[in-house]
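First up is the structure itself, then whatever we jot down about it.
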Amino acid sequence: MADSPHDPGDPDANRNDVRGSARSDRAEGAHHRREDPPSSNTRSRDKKQKSFWRELPILVVVALALSFLLQTFVARVYLIPSESMEPTLHGCPGCTGDRIVVEKVGYHFTDPRPGDVIVFEGPESWSEGYVSTRSDNVVLRGLQEIGSLVGVVPPDENDLVKRVIAVGGQTVECCDDQGRVMVDGVPLDEPYVTMDFPFTPGVVTCETEVKSGRCFGPVTVPEGHVWVMGDNRSNSADSRYHVGDENQGAIPLENVIGKARFIVLPPGRWGLIDSPEILPS
């Protein structure tokens, strides 16, 4: 029956069937494409991201452990807070002082020698008036202690920087007739000293009624100790100011933290710290 809409001879019916079949095929094709499994590149990228986040805590712990070991046994950075070592090291309250690298290994094998610039923990008599830098808050104080272990927070101790002038068994005093420090009776050549108390032969010396501020001693340094002085002799509360303590102003070797080697900040001050061997003139 040619007039029937279902007549297979009807050309329109055939066209409709073809169009409908094509749409169905496209829909099925799209459906299959959406369910395609992830590519190998996608799986690899996802795996790497998950692996990174799993490994990150381990990397952080390892970095902190390495920092602790380096700061404790090898070297540490210290800030210079005062002018006592001018002009060798710059520092002043409220300004940007030098930051120095203090190396800790060498003194395990040899003792400090005259001329070395050292960092040490001040003995009890040197630490009178020292105020803790830690917070009163228990949590903050705990975080500060952790930060100190890895080197991002200064240690809570009275650490000082001075130059070694004499070692155990030597006798140190000032002054000769030219105002120089003497060790075992021999005057020292100290090119790093540019600021000192006035000393004028015949006018202001160690024998005049009003003595020069340079004068001290003689003091024999106890064995196992070092006598230290700041390069800024007119503005340094060093061994000269503690001669009345149990060590006669000297520093026990066990208090020595290490030798100051480099200035690392600010950039304009980069360089080695001069530690010339002190020789008789």
Side-chain angles (χ1 to χ4, degrees), residues 76 78-86 88-89 91-93 97 100 102 104 107-108 110-134 154-176 179-188 190 192-193 195-197 199 206 210-260 275 278:
R76 186 170 191 140
Y78 286 83
L79 170 68
I80 303 301
S82 73
E83 314 94 80
S84 70
M85 283 295 291
E86 295 277 2
T88 304
L89 301 175
C92 58
I100 61 173
V102 177
K104 301 182 176 184
Y107 290 153
H108 290 297
T110 184
D111 291 336
R113 64 175 180 80
D116 287 356
V117 176
I118 65 171
V119 169
F120 59 93
E121 183 179 353
E124 184 177 352
S125 62
W126 292 58
S127 300
E128 293 179 4
Y130 173 74
V131 178
S132 172
T133 58
R134 296 296 183 254
D156 188 26
E157 58 191 27
N158 185 29
D159 294 336
L160 304 165
V161 57
K162 304 293 180 189
R163 190 181 296 273
V164 177
I165 302 301
V167 297
Q170 294 183 318
T171 298
V172 59
E173 62 183 311
C174 193
C175 306
D176 70 349
R180 295 173 295 185
V181 173
M182 295 186 294
V183 174
D184 291 338
V186 180
L188 301 180
E190 299 186 276
Y192 43 78
V193 176
M195 291 170 278
D196 207 341
F197 292 106
F199 188 96
C206 296
V210 178
K211 291 185 177 182
S212 168
R214 298 187 189 189
C215 303
F216 69 88
V219 178
T220 299
V221 182
E223 293 292 343
H225 293 67
V226 290
W227 178 275
V228 296
M229 297 172 68
D231 289 357
N232 184 354
R233 295 290 162 81
S234 57
N235 191 9
S236 176
D238 48 43
S239 290
R240 297 169 293 172
Y241 292 83
H242 299 277
V243 292
D245 70 12
E246 67 277 13
N247 300 317
Q248 300 182 71
I251 302 299
L253 290 178
E254 56 263 30
N255 284 47
V256 177
I257 295 170
K259 182 177 181 179
S275 296
I278 298 176

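These numbers come from a predicted model, not from an experiment. Every heavy atom of this structure was used, including side-chain atoms; hydrogens, water molecules and symmetry mates were not. This chain uses plain numbering: 1 for the first residue, then up along the sequence.
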Non-neighbouring partners of Ile80 that pass side chain to side chain contact (heavy atoms under 4.5 Å, CB included), sequence neighbours left out: Leu89, Asp98, Ile100, Val161
Residues which pass salt bridge (Lys or Arg N to Asp or Glu O under 4.0 Å) with Asp116, listed by chain and number, not counting sequence neighbours: Arg113, Lys259
Test item: Arg163 side-chain N/O and Gly230 main-chain N/O as donor-acceptor pair under 3.5 Å: no
Thr220: partners by side-chain hydrogen bond (donor to acceptor under 3.5 Å, both in side chains), with sequence neighbours left out: Thr171
Which residues share a side-chain hydrogen bond (donor to acceptor under 3.5 Å, both in side chains) with Asn247, sequence neighbours left out: His225
For Ser82, side chain to side chain contact (heavy atoms under 4.5 Å, CB included) partners two or more places apart: Ser84
Glu246, CD atom: more than 12 neighbouring heavy atoms under 6.0 Å: yes
Residues in salt bridge (Lys or Arg N to Asp or Glu O under 4.0 Å) contact with Glu190, at least two apart in sequence or another chain: Arg233
Residues forming a salt bridge (Lys or Arg N to Asp or Glu O under 4.0 Å) with Lys104, sequence neighbours excluded: none
Cys215: partners by disulfide (SG to SG under 2.5 Å), with sequence neighbours left out: Cys206
Asp159: side-chain hydrogen bond (donor to acceptor under 3.5 Å, both in side chains) partners, not counting sequence neighbours: none
Contacts of Pro114 that satisfy side chain to side chain contact (heavy atoms under 4.5 Å, CB included) - sequence neighbours left out: Val167, Gln170, Ile278
Contacts of type ring-ring contact (aromatic ring centres under 6.0 Å, His included), residue Phe216, not counting sequence neighbours: Trp227
With sequence neighbours excluded, residues passing side chain to side chain contact (heavy atoms under 4.5 Å, CB included) with Glu86: Glu83, His90, Met195, Asn232
